[in-house]
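Below, read A as the first sequence line, B as the second, and so on, with proteins coming before strands; counting in each chain starts at 1.
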Number of protein chains: 2
Amino acid sequence: MNTKTLLLVVPVSWAGLWTGPLAEIALELNVRVHGRDEFAPEDVDYVLTLRPPAGFLKTLPNLKAVFSLGAGVDGVLADPEYPKQVPLVRFVDRTLSSELAQYCVLHVLMHHRQQRFFDRAQAERKWRQALPMRRTEDTLIGILGFGKIGALTAERLRDLDFQVAGWSRTRKRVTGVESFAGESELPAFLARSDFLICLLPLTNDTRGILNAEVFRQLPEGAYVINVARGGHLVEDDLIAALDSGHLSGATLDVFATEPLPETSPLWTHPKITVTPHIAAISAPRVAAQYVVDGIARFERGERLQNIVDLTRGY
Amino acid sequence: MNTKTLLLVVPVSWAGLWTGPLAEIALELNVRVHGRDEFAPEDVDYVLTLRPPAGFLKTLPNLKAVFSLGAGVDGVLADPEYPKQVPLVRFVDRTLSSELAQYCVLHVLMHHRQQRFFDRAQAERKWRQALPMRRTEDTLIGILGFGKIGALTAERLRDLDFQVAGWSRTRKRVTGVESFAGESELPAFLARSDFLICLLPLTNDTRGILNAEVFRQLPEGAYVINVARGGHLVEDDLIAALDSGHLSGATLDVFATEPLPETSPLWTHPKITVTPHIAAISAPRVAAQYVVDGIARFERGERLQNIVDLTRGY
């Protein structure tokens, strides 16, 4: 069989994360690293990347498919010259989805169970039991973006007896979870959501969706969790909604600029929890397996799974 | 029908929590509060309590049943003169169980996902992504006490892809959760448990079970969560196991003395999270319904549910 060439288009200092596992599980694959190894553009069959340099992919005349290293492909599609005839594959992995769901469960429970309050009480060595708590059964969670990851997150929160709803472009069916669909149902969805979790893909339609207008429609005291992309959030609108007291807090894992600059007011806002884009880390071993499986599938002439609809952008 | 008398044996300042809901849902019940209202001992049909004064219950000649306000009945059975012919009912409630499960999920995830590390990084405005994380699939959780609450907790953690096992006196069957039974299987159970969650009833057999000998058998870096009773834990042994580095941390919701004295070293230990016995708060409305339902059942001549086996102590 003809040896196929996979080109990694990632920061060179990170490449070792994937070249190691790839070498272990795919002996027959010729793995090259962009910016480190020599390669002839016409030899490149496949690319694994998160954010390729604009205009680069179109220079590979025999490119058969592009594999994204993340569930979100906005980094790849940021290239205005993306070669539209080449299928782009999203990394949809049970582990990645499960980690995102865990992250959401953790941050919902931290706020719901007032763990920050108890942390402060501990720091003061004070036994402060007296805070009333809302029951999970009376707490409504809204998940913006109700695909596979949203559905898994919804199920885990539903199992903890929260009342969960999802919002997406088209209606979905998840047992025990309400489904809202389309622009017209967004206001009703927001009006009921004590927690708003953003798991949307970043597209022209969703950029800046977490804004003052949306926050205003949430109930008093709502909590916002953004685990999708920094581009979804209008940071100043969030800070204003927190400072006015309308929102009770927020957890942010993603930011317009990453790493988040030391000067950002998000770091020090008393109602914001910042984590450094760690909600889901694609294990390199799992990612390597996904690209190897995808290549094998393509070479056998089978249809690739999780191909991105380039007009939708996800 | 003869009006029945229910006596609340709780601190007088708390009694209003239950007398309100009881008055709403049980108009025909004569509710009296010990230490506040007059009552004739021979008129008392039922008692609702958590920790009655020793020797008090035996002074009620016509007592038909005692309802515990908590899932644990060690406070009632601390009375050496408990009238053994009177059935004692545990408060086993889906909400209470669910809240305990939520608490365990929260504290497992906080440690598993290193939220304290990220909190410190945020306080320093540092983007610190670089910490490796164990996968949930590779993380083993052991639940000491595998009754209804233990099973629910196990299921919720199992659904987050942790590997969960339970340990109890007799073998149990919960899908996808390993069951260890009896003294002879305790070492194997401990040796596999990266997290040890104590949900045991407090009896003569389980008092002080969280001790140096048990901690020694846990894997290096294990984390301990005690959400049962302070009497299960030998505090000095925990501190020694944390200080030696063998255990990585602990979350404690219950203490030998409550409120936890301001001088306790547990408050300030850097590896210990202290919460003030809030893992599960029996909602007074739910507790009132449980005792009203139990009385109705007894008066209809039906068998009470969740009667404590006085020789086992739970």
Counting heavy-atom pairs under 4.5 angstrom with chain A, the leader among B:Asp119, B:Thr263, B:Leu152 is B:Asp119
Practice prompt. Kindly say whether B:Ile278 contributes a backbone atom to a donor-acceptor pair with the side chain of A:Arg113 at under 3.5 angstrom?
Written response: yes
Bottom line for B:Phe162: the part with an atom under 4.5 Å from chain A's heavy atoms is neither
message: Would the distance check show the side chain of A:His232 and the main-chain N or O of A:Arg229 forming a donor-acceptor pair, the cut-off being under 3.5 Å?
response: yes
Honestly, the part of B:His107 sitting under 4.5 Å from a heavy atom of chain A is side chain
Cut-off 4.5 Å, heavy atoms of chain A, and the answer for B:Glu155 is neither
Comparing A:Val108, A:Thr95, A:Thr268 against chain B, the one with the most heavy-atom pairs below 4.5 Å turns out to be A:Thr95
Counting heavy-atom pairs under 4.5 Å with chain A, the top scorer among B:Glu137, B:Lys126, B:Glu124, B:Glu99 is B:Lys126
Pair count under 4.5 Å, heavy atoms only, with chain B: among A:Thr275, A:Thr136, A:Asp159, highest is A:Asp159
- Message: Can you confirm whether B:Asp236 is buried at CG, in the sense that more than 12 heavy atoms of other residues, nucleotides or ligands lie under 6.0 Å from that atom?
- Response: no
Please tell me whether B:Tyr103 and B:Thr153 have a donor and an acceptor in their side chains that are separated by less than 3.5 angstrom.
no
So, the part of B:Ala283 with a heavy atom under 4.5 Å from chain A: the answer is side chain
Q) Which word best sums up how the rings of A:His112 and A:Phe195 line up, parallel for under 30°, tilted for 30 to 60°, or perpendicular for over 60°? A) tilted
The single option from A:Arg156, A:Gln102, A:Arg94 that satisfies side chain to side chain donor-acceptor pair (under 3.5 Å) with B:Asp161 is A:Arg94
